[in-house]
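The next block holds one structure in the form of C-alpha cells; read it before the comments.
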Amino acid sequence: MTRAELINQIKSKQSFLCVGLDPDITKMPKHLLKFKDPIFEFNKSIIDATKDLAVAYKPNLAFYECRGLKGWESFQKTIEYIPKECLVIADAKRGDIGNTSLYYAKTFFETYHCDALTIAPYMGSDSVKPFLNHDNKWAIVLAMTSNNGSRDFQFIESNGVPIYEFVVHKCMEWGSSDNLMFVVGATRSEDIAKMRKLAPDHFFLVPGVGAQGGSLHEVVQYGINKDCGILVNSSRGIIYADQTEDFANRAKKEALKIQSEMSKYLKRFQIF
Ligand code: OMP
C-alpha cells in the first residue's frame with residue numbers, strides 16, 4: 001500500500017485506528033471453541049464488526065505461532081480476510097543478519113502479502129535494509145516502545161543523545177516516509193513530541209492506548225502531522241471488550257468510540 005492510499009483511507013474513514021488482532025484462545029467466547037479454527041472465527045467476527053472504522057489491522061504473530069502449523073493457517077486466513085483497502089501489519093518484530101532478514105522480508109511481503117512488518121533495529125543496517133527494498137511495503141521500526149522496559153536501553157544517552165534518537169536518524173538514512181514508519185508507544189505522551197521533531201513526515205504506529213492506559217488525546221496532541229501521520233493501535237481494549245456471544249458488537253462499540261474521537265481530532269486539527 002502506498003502512502004497516498006493510506007492517507008486517502010484515513011480521510012475517507014475519518015479514522016487512524018489500527019485494530020490489533022491478538023487472539024488468545026483462553027480469553028475468547030467459549031461458543032467459538034466448537035469451530036475447527038476458533039482463532040479465525042474470532043478474527044473474522046472482529047474484522048466484520050470493525051472494517052468500516054479501522055484503516056489497519058495488526059495481527060501479532062506470537063498469538064498464532066504459539067499454535068504451530070494451525071496457528072500459521074489461522075494467520076494466513078485472517079490476513080486474506082482483511083479488506084484490501086486496509087493496511088495489514090504483521091507484528092513479528094523481525095531483524096537479523098542481512099541474509100536472514102532477506103528471507104524474513106520474503107516471508108511476510110511475498111509469501112503472505114502483508115503490507116508492513118514491525119522490525120527490531122538492534123542489529124543495525126543489514127538487518128533493516130532488506131525490508132526497505134519492496135515496492136509499496138513498509139518497515140515499521142521500533143524506536144520508543146510502550147513497555148516499562150523501554151527505559152533499559154532506548155533512553156541510554158551517548159553525548160546527551162538517547163539511543164532511540166540514533167535509531168531514528170540512522171533509519172531515516174536508509175528509508176523514506178514512503179516505506180518507513182516508527183513504533184512510538186502511546187504511554188510516552190510527551191516523548192512523542194520529541195519523536196515528531198526528529199521525524200516530521202513519517203507515520204508512527206502508536207500502540208498502548210486501551211489496555212496499557214495511553215491517552216489518545218495526548219497521542220494526537222503531540223504526534224499528529226499535516227497528513228495525520230499516526231496509526232493508533234488498540235488490541236485487548238477492542239477485541240476483549242466483552243467475552244460473551246455479543247463480543248463482536250461490543251468490539252464495534254469500542255472501535256466506534258475511538259473512531260468518533262479520531263474524527264473530531266482530524267477536524268479540530270484541520271488535517272484534510
Ligand atoms: P494492547 O495493549 O492489548 O492494546 O496490545 C498492544 C499490541 O501492540 C501488542 O500486540 C503489543 O505486542 C504491541 N506493541 C506494544 O504494545 N508496544 C510497543 O511498543 C510496540 C508494539 C508493537 O510493535 O505493535
Side-chain angles (χ1 to χ4, degrees), residues 16-28 39 42-43 46 50 53-66 71 74-75 78-79 82 87-95 104 108 114-122 128 131 138-155 162-164 167-168 171 180-189 191-192 194-195 202-216 218-219 222-223 230-243 247 250-251 254-255 257-259 262:
F16 42 98
L17 174 62
C18 172
V19 173
L21 297 172
D22 298 359
D24 176 341
I25 202 119
T26 65
K27 288 190 187 147
M28 59 180 58
I39 299 273
F42 177 78
N43 286 348
I46 296 284
T50 57
L53 306 166
V55 296
Y57 287 91
K58 182 175 75 68
N60 184 313
L61 267 294
F63 297 86
Y64 302 84
E65 287 174 325
C66 69
S74 307
F75 171 73
T78 297
I79 57 176
I82 294 170
L87 187 81
V88 176
I89 302 169
D91 185 4
K93 297 184 177 67
R94 297 298 147 108
Y104 278 140
F108 290 100
C114 298
D115 296 301
L117 179 66
T118 53
I119 307 296
Y122 193 69
V128 175
F131 300 103
W138 298 82
I140 309 185
V141 173
L142 299 178
M144 187 194 276
T145 58
S146 67
N147 56 326
N148 290 336
S150 63
R151 288 267 155 205
D152 292 340
F153 301 126
Q154 295 162 26
F155 288 79
I163 285 183
Y164 76 81
V167 167
V168 172
C171 289
L180 171 71
M181 301 189 194
F182 293 104
V183 172
V184 184
T187 48
R188 313 229 64 95
S189 39
D191 291 327
I192 299 176
K194 294 183 193 151
M195 275 295 299
H202 285 67
F203 263 86
F204 295 163
L205 171 65
V206 188
V209 301
Q212 295 178 53
S215 148
L216 177 61
E218 290 183 8
V219 168
Y222 296 115
I230 42 181
L231 296 173
V232 173
N233 180 83
S234 176
S235 307
R236 287 166 294 177
I238 292 178
I239 66 177
Y240 304 127
D242 182 274
Q243 293 178 14
F247 74 102
R250 281 295 307 280
E254 287 306 310
K257 229 188 273 171
I258 300 175
Q259 183 272 334
M262 288 177 167

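The structure presented is a predicted model; accordingly, all values stated were derived computationally and were not measured. Ligands are counted one by one from 1 in listed order, and the atoms in each one are counted from 1 as well. Only heavy atoms go into these numbers, but all of them, side chains included; no hydrogens, no water, no symmetry mates.
- By the side chain to side chain donor-acceptor pair (under 3.5 Å) test, Thr187 pairs with no residue at all, sequence neighbours left out.
- Contact between Pro59 and Phe75 at its shortest, heavy atoms only, is CG-CE1, 3.9 Å.
- Residue Arg236 has at least one N or O atom closer than 3.5 Å to an N or O atom of ligand 1.
- Under the 6.0 Å cut-off for aromatic ring centres, Phe131 and Phe108 do not qualify, their centroids lying 6.0 Å or more apart.
- A donor-acceptor pair shorter than 3.5 Å can be found between the side chains of Tyr57 and Thr50.
- Of all protein heavy atoms, the one closest to atom 8 (O) of ligand 1 is Lys58 NZ, 3.1 Å.
- Residue Thr118 places no N or O, backbone or side chain, under 3.5 Å from any N or O of ligand 1.
- Residue contacts with ligand 1: Asn147 is excluded, as none of its non-hydrogen atoms falls under 4.0 Å.
- Scanning all protein heavy atoms for the shortest distance to atom 5 (O) of ligand 1 gives Ser235 OG, 3.2 Å.
- Which of Arg188, Met144, Gln212 comes nearest to atom 6 (C) of ligand 1 through a heavy atom is settled by distance: it is Gln212.
- Contacts of Ser235 classified as side chain to side chain donor-acceptor pair (under 3.5 Å), with partners at least two apart in sequence or in another chain: Asp22, Asn233.
- For Arg151 and Phe155, the positive end sits near the middle of the six-membered ring, less than 6.0 Å away and at most 45° from its axis.
- In plain terms, the two heavy atoms of Arg188 and Asn147 that are nearest each other are NH1-O, 4.0 Å.
- Checking each of Thr145, Ile163, Asp191, Val167 against Gln154 for a side chain to side chain contact (heavy atoms under 4.5 Å, CB included) leaves exactly one that passes, namely Thr145.
- With a 4.0 Å heavy-atom cut-off, ligand 1 is reached by the side chain of Asn233 but not by its N, CA, C or O.
- Not one N or O of Thr145 is nearer than 3.5 Å to an N or O of ligand 1, by distance alone.
- With a 4.0 Å heavy-atom cut-off, ligand 1 is reached by the side chain of Pro207 but not by its N, CA, C or O.
- Among all non-hydrogen protein atoms, the one lying nearest atom 19 (O) of ligand 1 is Ser146 N, 2.8 Å.
- The protein heavy atom nearest to atom 9 (C) of ligand 1 is Asp22 OD2, 3.3 Å.
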